[in-house]
Amino acid sequence: MELWDMKGHQLAEMIEKKEVSVSEVTRSVLDRIRSLEPLLNCYITVLEEESQTLARQIDKYIAQEGHPAPLTGLPMAVKDLICTRGVRTTCGSRILDNYLPVYDATVIQKLKDQRYLPVGKANMDEFAMGSSTENSYYGPTRNPWNTERVPGGSSGGSAAAVAAGEAIVALGSDTGGSIRQPASLCGVVGLKPTYGLVSRYGLVAFASSLDQIGPITRDVQDAAIFLNAIAGHDVMDSTSVKREIPDYTKALVDDVRGLKIGVPQELMVEGVEMKVRDSVNQAIELLVSLGAFCEETSLPYLEHSLSAYYIIAPAEASANLARYDGVKYGHRARGSRNIREMYKKTRSEGFGAEVKRRIMLGTYALSAGYYEAYYGQAQKVRTLIVNDFRQAFQKYDVLVSPTSPTVAFKIGEKVDNPLQMYLSDVCTIPVNLAGIPAISVPCGTSDGLPIGLQIIGRAFDEETILRVAYTFEQYFGFNQSPPLTNPGVQLTEDQKSQVQMSGEGRRR
Amino acid sequence: MSRISREEVEHIARLAELEFSEEEKEKLAVQLNQILEHAGRISQLDIKDVPPTSHVLPLTNVFREDEPRPSLSLEEVLANAAEVLDNCFLVPQILEEG
């Protein structure tokens, strides 16, 4: 087995036992990036030199001090909206094309304490607005399972990198499904923690009451290890919660006997493809055969989640993105006669179509005369959704559903129909509105494309969803890899030119 | 729910400091109406007595000790600016002449 194809915890064990060096693991992943990146475009910035230098330093450290931390030296993709000091952080946007953060996000600081190894900044939908990674100034990322298809979004670069061996683990962020949906479409594991568990300091804001950072990994054990590293209160983020953080790897118990599972019928919606429905039902049967109790249930207000979300998230975004004015950082349009003209030109040149659409939507929803009808009403619906979940969790330990109603769709298929695109997050959005945790694990394929099972838990009860996901993974045994896993894969000239032509931004 | 006209697109664009071509305005009006038609369904729900949720955590007024901490240096603060003059952000003309 190639090093780039292994799980994080397997590599960590080999590194600890000195069976392999961090430099060797890094080289294996960098080779993989070199051969596949022209086709997949998982990264906006690849840290080729820096990661090799860092790998040598880490090897030296391990030789001298011994005992690496669980994430020490594991090549990681960092979604390009998480601030990394001195490493450009674009958010997939022209407006931040030159942005070099002068500080590290808290999660990056915590990962540095573990001597993590970033290999690059991962591609994403601009400002995390999208479900396909097509809204990137740096061109779309392709799905390693089928390069005509999207990897999902907005953390599509992170998920595709982990699936294709261009990273061992990855950091993503999730506002309406941006970790879970791409994890589902790329056949990997994605965890959105409870709102407030992981610090958002240094995460470029999209919708502040919904955003959370979380891991994208190859299995549930890696997700638990990763969560251990990033969870916890931070004085720099007042919405991060002060509480005892458990050791999440202790939750990796292969046992679901007696556990009560609810299946919200509102998440088995009309648009769920037959094969996705079948796979999720089979997953449920498997959990029942392992001793879980499972029944259908109803959370009636969930059907209004998408509506509430597409008022609340753009409203918050329109306020958060007001800061991009060409003064303190980012792109500035040239040749303006006065400051208003400079603002307008800068923002119109700097933002892509979807970001502008959402700023317009949010500005409208917050504007005089419409505030109550849209924003006020959406906040009330949010209360009802929170209550629905609270009631359901009095009866059930977890809820399960498909992560995405469909498998990966074709590149270009939904770009001109924003509403269709938004519907791909119909099963993940309610979770963000309620601020609760959820994980996506692979539960099958349809025509060679992965399907994901979403497991939703109580606030701050990541342990139970990890336990269910872990148990499911042990017995289901999803061990398929994308066809690109063939190490000798060669790109045709046609495939190379396709990628080079798409996207205006400079990749590095 | 009311429909967004082209004039309204122009009004919102002014509020958001964005500008669009005529063609973009037409397309935006159509797309925003489609989205709002879906999202606006919630306006029919009779939920006037339901309290709003702006935030899911039961947190109010998070305080900390008022202790001085180091902040970014002037150099760092100005490092990403498009134009700088005398340790200040330089911008185009703010006030009209005359």
Side-chain angles (χ1 to χ4, degrees), chain A residues 98-100 102-103 195-196 209 235 238-239 241 304 306-308 310-311 318 322 325-332 336-345 347-348 351 356-357 359-361 363-365 367 373-374 376-384 386 418-419 422 433-436 459, chain B residues 1-2 4 8-9 11-21 24 27-28 31-32 34-45 47-59 61-64 69 72-73 75-83 89-96:
Chain A
N98 292 321
Y99 179 55
L100 287 177
V102 292
Y103 65 95
Y195 184 83
S209 80
V235 288
S238 302
T239 62
V241 174
H304 301 293
L306 197 73
S307 299
Y310 276 99
I311 302 294
S318 70
D325 58 4
V327 176
K328 302 177 293 302
Y329 37 69
H331 174 73
R332 174 187 289 189
S336 306
R337 284 161 301 172
N338 58 53
I339 197 160
R340 287 296 296 273
E341 193 183 311
M342 189 277 280
Y343 289 158
K344 262 198 181 92
K345 275 193 177 173
R347 292 164 61 79
S348 300
F351 291 135
K356 287 182 203 167
R357 196 149 49 225
I359 292 175
M360 291 289 285
L361 193 56
T363 306
Y364 177 75
S367 65
Y374 287 111
Q377 191 79 351
Q379 286 187 307
K380 290 177 181 177
V381 172
R382 189 171 184 185
T383 304
L384 296 165
V386 169
L419 192 55
Y422 297 172
L433 288 170
I436 53 183
Chain B
M1 279 278 110
S2 54
I4 298 184
E8 217 149 6
V9 168
H11 170 64
I12 307 161
R14 263 194 305 279
L15 294 175
E17 301 283 13
L18 289 170
E19 56 188 10
F20 297 99
S21 68
E24 284 172 322
K27 199 171 163 188
L28 256 176
Q31 287 173 333
L32 292 179
Q34 271 169 1
I35 298 164
L36 285 169
E37 199 177 306
H38 190 281
R41 284 180 204 166
I42 54 170
S43 62
Q44 285 141 29
L45 296 171
I47 51 176
K48 4 179 227 309
D49 300 329
V50 176
T53 295
S54 58
H55 212 275
V56 290
L57 297 171
L59 290 172
N61 297 342
V62 178
F63 293 112
R64 60 172 167 75
R69 279 183 304 195
L72 294 175
S73 68
E75 202 177 60
E76 286 171 314
V77 169
L78 297 171
N80 278 285
E83 286 183 89
F89 296 111
L90 184 64
V91 296
Q93 188 182 342
I94 292 177
L95 300 173
E96 300 209 6

Visitor: Working to the nearest 0.5 Å, report the span between OG of Ser307(A) and CZ of Arg41(B).
Guide: 6.0 Å
Visitor: Which answer fits Leu90(B), side chain, backbone, both or neither, if we ask what part of it has an atom under 4.5 Å from a heavy atom of chain A?
Guide: backbone
Visitor: Is any NZ, NE, NH1 or NH2 atom of the basic residue among Arg340(A) and Glu17(B) found under 4.0 Å from an Asp or Glu carboxylate oxygen of the other?
Guide: yes
Visitor: Could you tell me the separation between the CD atom of Gln31(B) and the CZ atom of Arg357(A), rounded to the nearest 0.5 Å?
Guide: 4.5 Å
Visitor: Nearest 0.5 Å, what's the OG-CG distance between Ser238(A) and Leu57(B)?
Guide: 11.5 Å
Visitor: Would a 4.5 Å heavy-atom cut-off, applied to side chains only, mark Gln93(B) and Ile339(A) as touching?
Guide: no
Visitor: I'd like to know which of Ser54(B), Pro52(B), Pro51(B) tops the heavy-atom pair count under 4.5 Å against chain A.
Guide: Pro52(B)
Visitor: With respect to chain B, which residue among His331(A), Lys328(A), Met342(A) yields the maximal number of heavy-atom pairs within a distance under 4.5 Å?
Guide: Lys328(A)
Visitor: For Ile12(B) and Leu361(A), run side-chain contact (heavy atoms from CB on, under 4.5 Å): C-alpha distance rounded to whole Å, both residues' side-chain angles, the deciding distance at 0.1 Å, then the answer.
Guide: CA-CA 9 Å; Ile12(B) 307 161; Leu361(A) 193 56; over 6 Å; no
Visitor: Considering only heavy atoms, which portion of Val327(A) lies under 4.5 Å from any heavy atom of chain B: side chain, backbone, both, or neither?
Guide: both
Visitor: Less than 4.0 Å between a side-chain N and a carboxylate O, is that true for Glu83(B) and Arg332(A)?
Guide: yes
Visitor: Please find the pair of heavy atoms, one from Leu15(B) and one from Ser367(A), that lie closest to each other, and give the distance.
Guide: CD1-CB, 4.2 Å
Visitor: Any chance you could lay out the side-chain contact (heavy atoms from CB on, under 4.5 Å) test for Val386(A) and Val56(B), step after step, and finish with the verdict?
Guide: CA-CA 8 Å; Val386(A) 169; Val56(B) 290; 4.3 Å; yes
Visitor: Would you give the length of the straight line joining atom NZ of Lys356(A) to atom CZ of Phe20(B), rounded to the nearest 0.5 angstrom?
Guide: 6.0 Å
Visitor: Among the options Val235(A), Ile359(A), Thr239(A), pick out the one with the most heavy-atom pairs lying under 4.5 Å from chain B.
Guide: Thr239(A)
Visitor: Does Tyr364(A) reach the side chain of Glu8(B), with side-chain heavy atoms less than 4.5 Å apart?
Guide: yes
Visitor: For a quick test of reading the model, state the closest non-hydrogen atom pair linking Pro418(A) to Ile35(B) and the distance between them.
Guide: CB-CD1, 4.2 Å
Visitor: What's the spacing between Leu45(B) CG and Leu384(A) CG if we round to 0.5 Å?
Guide: 8.0 Å
Visitor: Go through the atoms of Leu72(B) and report whether side chain, backbone, both or neither lie under 4.5 Å from a heavy atom of chain A.
Guide: side chain
Visitor: Is there a side-chain contact between Arg347(A) and Glu19(B) in this structure, where contact means two heavy atoms from C-beta onward sitting under 4.5 Å apart?
Guide: no
Visitor: Pick one of side chain, backbone, both or neither for Ala365(A), based on which atoms fall under 4.5 Å of a heavy atom in chain B.
Guide: neither
Visitor: Is it the backbone or the side chain of Leu433(A) that comes under 4.5 Å from a heavy atom of chain B, or both, or neither?
Guide: backbone
Visitor: Considering non-hydrogen atoms only, spot the tightest contact between Arg382(A) and Thr53(B) and give its length.
Guide: CD-O, 3.7 Å
Visitor: Any side-chain heavy atom of Met360(A) within less than 4.5 Å of one from Leu18(B)?
Guide: yes
Visitor: Which atoms of Thr363(A) are under 4.5 Å from chain B, going by heavy atoms: the side chain, the backbone, both sets, or neither?
Guide: both
Visitor: Could you tell me which portion of Ile311(A) (side chain, backbone, both or neither) has an atom closer than 4.5 angstrom to a non-hydrogen atom of chain B?
Guide: side chain
Visitor: For Ala82(B) and Gly326(A), which heavy atoms make the closest approach, and how far apart are they?
Guide: CB-O, 3.9 Å
Visitor: Taking side chain as C-beta onward, heavy atoms only, is Tyr310(A) less than 4.5 Å from His38(B)?
Guide: no
Visitor: What residue, out of Val9(B), Val50(B), Val62(B), has the most heavy-atom pairs lying under 4.5 Å from chain A?
Guide: Val50(B)
Visitor: Could you check Ile94(B) against Asn338(A) for side-chain contact (heavy atoms from CB on, under 4.5 Å), going step by step and ending with a plain yes or no?
Guide: CA-CA 6 Å; Ile94(B) 292 177; Asn338(A) 58 53; over 6 Å; no
Visitor: Looking at Pro92(B) and Ser336(A), what are the two nearest heavy atoms and their distance?
Guide: CB-O, 4.1 Å
Visitor: Please name the pair of heavy atoms, one in Ile42(B) and one in Tyr374(A), separated by the smallest distance, quoted to 0.1 Å.
Guide: CD1-O, 4.5 Å
Visitor: Sequence neighbours excluded, which residues qualify as side chain to side chain donor-acceptor pair (under 3.5 Å) partners of Glu76(B)?
Guide: Arg85(A), Ser73(B)
Visitor: Taking the ring of Tyr195(A) and the ring of His55(B), is the distance between their centroids below 6.0 Å?
Guide: yes
Visitor: What's the spacing between Lys380(A) NZ and Asp49(B) CG if we round to 0.5 Å?
Guide: 7.5 Å
